[in-house]
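Residue numbers begin at 1 in each chain, while the letters A, B, ... track the order of the sequences.
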Number of protein chains: 2
Amino acid sequence: MTSVLVVDDEPAIVRALRINLSARGYEVHTAVDGASGLAATAKHRPDVVILDLGLPDLDGTDVIAGIRGWNSAPILVLSARGHEEAKVAALDAGADDYVTKPFGMDELLARLRAAVRRAAPAEDEPTVTVADFSVDLAAKRVVRDGVPVRLTPTEWQLLEVLVRQPGRLVTGRQLLQEVWGSAYGSETHYLRVYVAQLRRKLEPDPAKPRYLLTEPGMGYRFQP
Amino acid sequence: MTSVLVVDDEPAIVRALRINLSARGYEVHTAVDGASGLAATAKHRPDVVILDLGLPDLDGTDVIAGIRGWNSAPILVLSARGHEEAKVAALDAGADDYVTKPFGMDELLARLRAAVRRAAPAEDEPTVTVADFSVDLAAKRVVRDGVPVRLTPTEWQLLEVLVRQPGRLVTGRQLLQEVWGSAYGSETHYLRVYVAQLRRKLEPDPAKPRYLLTEPGMGYRFQP
DNA sequence: GCCGCGCCGTCAAGGTTTCGTCAGTGCCTC
DNA sequence: GAGGCACTGACGAAACCTTGACGGCGCGGC
């Protein structure tokens, strides 16, 4: 049985999640603030954590860092509309996805399933394959329709960062720092240019990307 | 370093083997079913294969046959108690030894060492052949159109590094360090000169290389 | 509703780095 | 002394990174 830890200080949300998740066969634990959330993570070892960023005691990124320090369970962040910078900070700190409050239960459940599914086959896979192309991380090779695709060094690095975290939203800042270096955290123009080049080389319809998705205001996501 | 490929569909066993083998200095690759096991064998060229007979997709003997078709690495079979006829069939198909599940890690490691030790004297290097030439790693000979090609020691070392990893991209730094030594990681000019010489001796059209490919900014690749 | 603003995608051109090639020098062996 | 090999320098060509300009789109203010 998949176990979920819900960390939120609003009783109504906690109750709603407990009812819905239990009804769908999840084992549910709850905590009402950051400190007890960390304690509950250590105690119950949940398969996935749903974390509200607006907790009374600790900053959301600190809670994420506290979990990530020793545990790799996926973290799904809940956040009120408008706190964009908090969401970006949460993703940079190691969260896997976010849902904006107020949220639909269906959406949250879908993202929850996706997070759990992603975590199951941990990244031990040297080659990632989707319907239209495949990426061999070890050989540094991309094949599309049986034909090798030539990527420049920058294109390859960018693709590699995204592909190594399938389904996960990666912020522009993080991408820039991993590919160009820590001094380039705000040169978002580079990203637009190179993501466009990757899409032109990999996507069936570059104008309507299917794998290299843009999350406006947040970053990019490789969708397997 | 001795490399081991573990093919098993039970994550717990894969994890346990990965941890124990890595701790003892083995290089470990894993696969979760027969098809990816065969692919991983071709890709990583392991020194020994640990193969579970109860895979979801292919029959164990078929996997053994698929490996034995071109590779002589020893195969250690894992099998549940009671499937005696399956074990016999596996040994008949070309497996070298078997261990009954549940197994003790010490026993498995002992059998693994034995299998590697037995295989060591019978070490035979393959010869890589493409349409226009063939490279005999053991004899250190290259033949093109039936005529032996003379290579200088440096040319041979460079070719050997590339040919031993077919299809895989090798960075300039890696090539330089393997051929010239660790202090020459940035003398990229050497590479250009010697790659050009190899192409002149091996490629049908040295100006448009077909086997010794340049990946601008990244390195070189031997394309079989 | 309309407009300005910010974010994103596209294209093209410049300057820079990297690559391929040729030719030449020095060293060692025979 | 002849020959083979490793290494170096120079130069044109190709590939790449960066940058700027422009248009589309969504969103919030007026």
Side-chain angles (χ1 to χ4, degrees), chain A residues 81-85 87-88 100 140 142 148-159 162 169-173 175-176 178-181 183-221, chain B residues 140 142 148-159 162 169-181 183-221:
Chain A
R81 177 178 305 281
H83 295 136
E84 308 303 329
E85 68 292 338
K87 283 189 284 199
V88 174
T100 302
K140 291 207 194 314
V142 179
V149 179
R150 301 206 39 165
L151 296 185
T152 73
T154 307
E155 287 165 3
W156 173 261
Q157 284 185 61
L158 184 60
L159 180 66
L162 287 169
L169 176 47
V170 187
T171 66
R173 169 173 296 272
L175 283 170
L176 284 162
E178 293 216 31
V179 176
W180 279 270
Y184 293 76
S186 55
E187 303 283 340
T188 60
H189 192 178
Y190 293 4
L191 276 185
R192 291 200 290 280
V193 172
Y194 277 92
V195 169
Q197 286 176 358
L198 279 178
R199 293 211 256 241
R200 203 176 315 130
K201 291 185 177 180
L202 300 180
E203 292 276 358
D205 181 0
K208 298 192 185 351
R210 183 173 158 192
Y211 304 104
L212 272 22
L213 307 183
T214 301
E215 300 281 348
M218 294 282 114
Y220 293 88
R221 182 199 304 268
Chain B
K140 297 205 189 307
V142 179
V149 179
R150 275 195 59 88
L151 295 185
T152 73
T154 306
E155 288 165 2
W156 171 260
Q157 283 185 62
L158 184 60
L159 179 65
L162 286 169
L169 185 142
V170 188
T171 65
R173 169 173 298 272
Q174 189 178 339
L175 284 168
L176 284 162
Q177 291 183 348
E178 295 216 29
V179 176
W180 280 270
Y184 293 76
S186 55
E187 302 285 339
T188 60
H189 193 176
Y190 294 5
L191 274 185
R192 292 201 290 278
V193 173
Y194 277 92
V195 170
Q197 287 176 358
L198 280 177
R199 292 211 257 241
R200 207 175 310 131
K201 292 184 178 181
L202 299 179
E203 291 277 358
D205 180 0
K208 297 191 182 355
R210 181 173 158 192
Y211 304 104
L212 272 23
L213 306 184
T214 301
E215 300 281 349
M218 302 212 281
Y220 293 88
R221 184 198 305 273

I'd like to check A:Leu159 versus A:Tyr194 (side-chain heavy atoms, cut-off strictly below 4.5 Å). Are they in contact?
no
Contact list for residues 205-221 of chain B, test salt bridge (Lys or Arg N to Asp or Glu O under 4.0 Å), sequence neighbours left out
B:Asp132-B:Arg210, B:Glu215-B:Arg221
Could you state the interatomic distance from CZ (A:Arg150) to OG1 (B:Thr214), rounded to the nearest 0.5 Å?
8.0 Å
Taking only side-chain N and O atoms of A:Trp180, does any of them lie within less than 4.0 angstrom of OP1 or OP2 on D:dC17?
no
Is there a side-chain contact between B:Tyr194 and the phosphate of D:dA6, meaning an N or O under 4.0 Å from OP1 or OP2?
yes
The complete set of salt bridge (Lys or Arg N to Asp or Glu O under 4.0 Å) pairs with one or both residues in residues 193-204 of chain A, sequence neighbours excluded, reads A:Glu155-A:Lys201
Could you list the residues that satisfy side chain to side chain donor-acceptor pair (under 3.5 Å) with A:Thr171, not counting sequence neighbours?
A:Asp92
Between C:dT18 atom P and B:Glu187 atom CD, what is the distance in whole Å?
14 Å
Heavy atom of residues 148-158 of chain A under 4.0 Å from DNA chain D: which residues?
A:Thr152, A:Pro153, A:Thr154
Flag the pair B:Leu213 / B:Leu169 as yes when at least one side-chain heavy-atom distance between them is below 4.5 Å, and no otherwise.
no
Applying ring pair (Phe, Tyr, Trp, His ring centres under 6.0 Å), name anything that partners A:Tyr220, two or more places apart in sequence or on another chain.
none
How long is the straight-line distance from CD of B:Gln197 back to OG1 of B:Thr152, given to the nearest 0.5 Å?
6.5 Å
A:Leu158 side, atom CG; A:Leu151 side, atom CG - distance, nearest 0.5 Å
10.0 Å
Which protein N or O atoms sit under 3.5 Å from an N or O of nucleotides 13-16 of chain C?
none

Under 3.5 Å, which N/O atoms of the protein pair with N/O atoms of nucleotides 4-11 of chain C?
from   : atom 1 : to       : atom 2 : distance (Å)
C:dC8  : OP1    : A:Gly217 : N      : 3.2
C:dG9  : OP1    : A:Arg199 : NH2    : 2.4
C:dG9  : OP1    : A:Thr214 : OG1    : 2.5
C:dG9  : OP2    : A:Tyr220 : OH     : 2.8
C:dG9  : N7     : A:Arg192 : NE     : 3.2
C:dT10 : O4     : A:His189 : NE2    : 3.4

So which protein nitrogen or oxygen atoms get under 3.5 Å of nucleotides 25-30 of chain C's nitrogens or oxygens?
none

In Å and rounded to the nearest 0.5 Å, what is the OH to OH distance from A:Tyr190 to A:Tyr184?
5.5 Å
Distance (rounded to the nearest 0.5 Å) between A:Thr188 OG1 and A:Leu176 CG
7.0 Å
To the nearest Å, give me how far apart NZ (A:Lys208) and P (D:dC25) are.
10 Å
With sequence neighbours excluded, residues passing side chain to side chain donor-acceptor pair (under 3.5 Å) with A:Trp156
A:Glu160
Euclidean distance, B:Glu187 CD relative to B:Leu175 CG, rounded to 0.5 Å
14.0 Å
